[in-house]
Amino acid sequence: MESKKSTSDALRNRQLADEIAALKKEKNAVIMAHYYQRDEIKEIADFIGDSLALARKAAETDADVIVMCGVHFMGETAKILCPDRTVLIPAPEAGCSLADSCDPEEFGKFVNEHPDHTVISYVNTSAAVKALTDIVVTSGNARKIVESLPADEKIIFGPDHNLGEYINSVTGRNMLLWNGACHVHDRFSLQGIADLKKEHPGSKVLVHPECRRPLQIIADKVGSTAALLDFARKDDAREYIVVTESGILFDMQRECPGKTFIPAPAEDAECQCNECDYMKMITLEKLRDCLREGKPEIHVDPEVAKKALRPIERMLELS
Ligand code: 13P
Ligand code: SF4
């Protein structure tokens with residue numbers, strides 16, 4: 001019964017993939033996907049990457065249409081970088097708990113209270129927050145960008161508190177941190193990871209810097225999704241405990257077929273908390289419909305976009 005269902009699912013996915021390929025050609029579109037997307041989306045994407053790579057790729061594409069298979073702020077970033085292109089997002093309701101933890105009005109007040117500080121914002125923010133920012137960073141370049149600033153520069157860093165603590169620890173800075181977090185990365189279980197480590201003594205622990213400080217401290221490698229994948233590719237261990245959204249396991253397994261990747265458990269063992277429900281909102285059907293109908297399209301208020309462009313460009317220049 002189960003195998004009949006998976007055969008029909010595979011057939012359906014193949015049909016959808018064919019329709020998507022034809023539409024993509026007709027519209028001169030490029031499909032970009034974040035590592036946390038569903039496996040079947042990544043199988044047909046033209047480009048898979050972390051937030052930094054997606055922003056870079058968007059900035060240099062010559063396609064007429066960019067379909068962003070990611071969360072809303074990723075579509076906004078692409079639109080701000082490419083205002084003359086059509087940027088589509090198959091599930092516009094795909095938000096981000098971390099971006100939501102930084103209300104632009106509240107953040108604006110915080111910034112105004114510290115007028116002598118340079119404002120650095122993580123890319124997981126709304127366009128309105130980016131417009132209040134001096135330099136945008138991703139987890140892939142935050143350390144490099146902070147280190148490029150003079151040692152005595154006063155810095156506000158938002159919204160991810162855990163990433164901010166990590167950057168403070170590796171750079172010796174004392175950045176003022178906004179208290180935001182991602183509901184997926186903030187809930188991994190230290191005890192659960194310690195138990196897994198006992199069961200797999202030769203394994204290495206790969207941790208995204210949005211995870212809490214104790215997890216960063218026990219990690220063999222802390223890095224962005226792309227950096228963790230790259231580490232797994234080059235390292236010589238056979239087993240890895242992966243402490244980030246579980247979508248990356250597909251890419252790790254595909255690129256390192258002889259190795260074993262074990263998803264880290266969340267504190268609430270009952271829930272699938274190591275999955276980002278926002279990222280999983282995009283399905284092949286929604287992607288096909290979005291290409292066929294040319295919507296939903298991302299729009300950013302031109303005034304906000306103008307202000308948000310400069311800090312994103314500074315990130316691309318500095319990284
Ligand atoms: P990366 O920058 O590592 O792709 O992470 C983005 C993200 O949303 C992490 O939760
Ligand atoms: Fe946002 Fe967290 Fe999902 Fe990343 S995993 S998109 S930070 S909610």
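Everything numeric here is computed off the predicted structure, so don't read it as measured data. First listed ligand is number 1; within each ligand, the first listed atom is number 1.
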message = Determine whether a donor-acceptor pair (N or O, by modelled atom type, separation under 3.5 Å) exists between the side chain of Asn168 and the backbone of Met175.
response = yes

ask   = Are the side chain of Ser97 and the backbone of His183 linked by a donor-acceptor contact shorter than 3.5 Å?
value = yes

request  = Report, in ascending order of atom number, the atoms of ligand 1 lying under 4.0 Å from any heavy atom of Thr225.
outcome  = 1 (P), 3 (O), 4 (O)

ask   = Which residue supplies the protein heavy atom nearest to atom 2 (Fe) of ligand 2, what is that atom called, and how far is it?
value = Cys182 SG, 2.3 Å

request  = Identify, by atom number and element, the atoms of ligand 2 in contact range of Glu210, meaning under 4.0 Å from any of its heavy atoms.
outcome  = 7 (S)

ask   = Would you say Tyr35 and Leu229 make side-chain contact, with heavy atoms under 4.5 Å?
value = yes

request  = Using a 4.5 Å cut-off on heavy atoms from C-beta on, say whether the side chain of His185 contacts that of Asn162.
outcome  = no

request  = Indicate the ring-plane relationship of Phe261 and Tyr240, choosing parallel, tilted or perpendicular according to the 30° and 60° boundaries.
outcome  = parallel

key: Side-chain (His34) to main-chain (Tyr36) donor-acceptor, under 3.5 angstrom   = yes

query = Would you find a donor on one side and an acceptor on the other, under 3.5 Å apart, between the side chain of Thr133 and the backbone of Val136?
reply = no

Carboxylate-amine/guanidinium proximity below 4.0 Å for Arg85 and Asp64 = no

note = A student checking ligand 1 against Asn124 at a 4.0 Å heavy-atom cut-off should list atoms 7 (C), 8 (O)

remark   = ligand 2 to His183, heavy atom cutoff 4.0 Å, flagged ligand atoms 8 (S)

query = Which one of Met74, Met68, Glu76 satisfies the side-chain contact (heavy atoms from CB on, under 4.5 Å) criterion with His72?
reply = Glu76

request  = Among all protein heavy atoms, pick the one closest to atom 6 (C) of ligand 1 and tell me residue, atom and distance.
outcome  = Ser51 OG, 3.2 Å

ask   = So is Glu245 in contact with ligand 2, going by heavy-atom distances below 4.0 Å?
value = no

key: Subset of ligand 1 atoms that lie under 4.0 Å from at least one heavy atom of Ser139   = 1 (P), 2 (O), 3 (O)

query = Which atoms of ligand 1 are found less than 4.0 Å from any heavy atom of Ser224?
reply = 3 (O)

key: Heavy atom of His34, distance to ligand 2 below 4.0 Å   = no

note = If you compare Met279, His34, Glu210, His183 by their heavy atoms, the one closest to atom 10 (O) of ligand 1 turns out to be Glu210

inquiry  = So for Tyr36, does at least one of its heavy atoms come nearer than 4.0 angstrom to any atom of ligand 1?
reply    = yes

ask   = At what distance is the nearest protein heavy atom to atom 7 (S) of ligand 2, and which residue and atom is it?
value = Asn124 ND2, 3.2 Å

ask   = Is the closest heavy atom of His208 to ligand 1 under 4.0 Å?
value = yes

note = In ligand 2, the atoms that come under 4.0 Å of a heavy atom of Ser97 are 8 (S)

ask   = Can we say Glu313 and Arg310 salt-bridge, meaning some charged N sits less than 4.0 Å from an Asp/Glu carboxylate O?
value = yes

request  = May I ask you to check whether Cys276 brings an N, O or S atom to under 2.8 Å from atom 3 (Fe) of ligand 2?
outcome  = yes

inquiry  = I need the nearest protein heavy-atom contact for atom 1 (Fe) of ligand 2: residue, atom name and distance, please.
reply    = Cys96 SG, 2.4 Å

task = Taking atom NZ of Lys307 as the centre, report whether more than 12 heavy atoms of other residues, nucleotides or ligands fall under 6.0 Å from it.
result = no

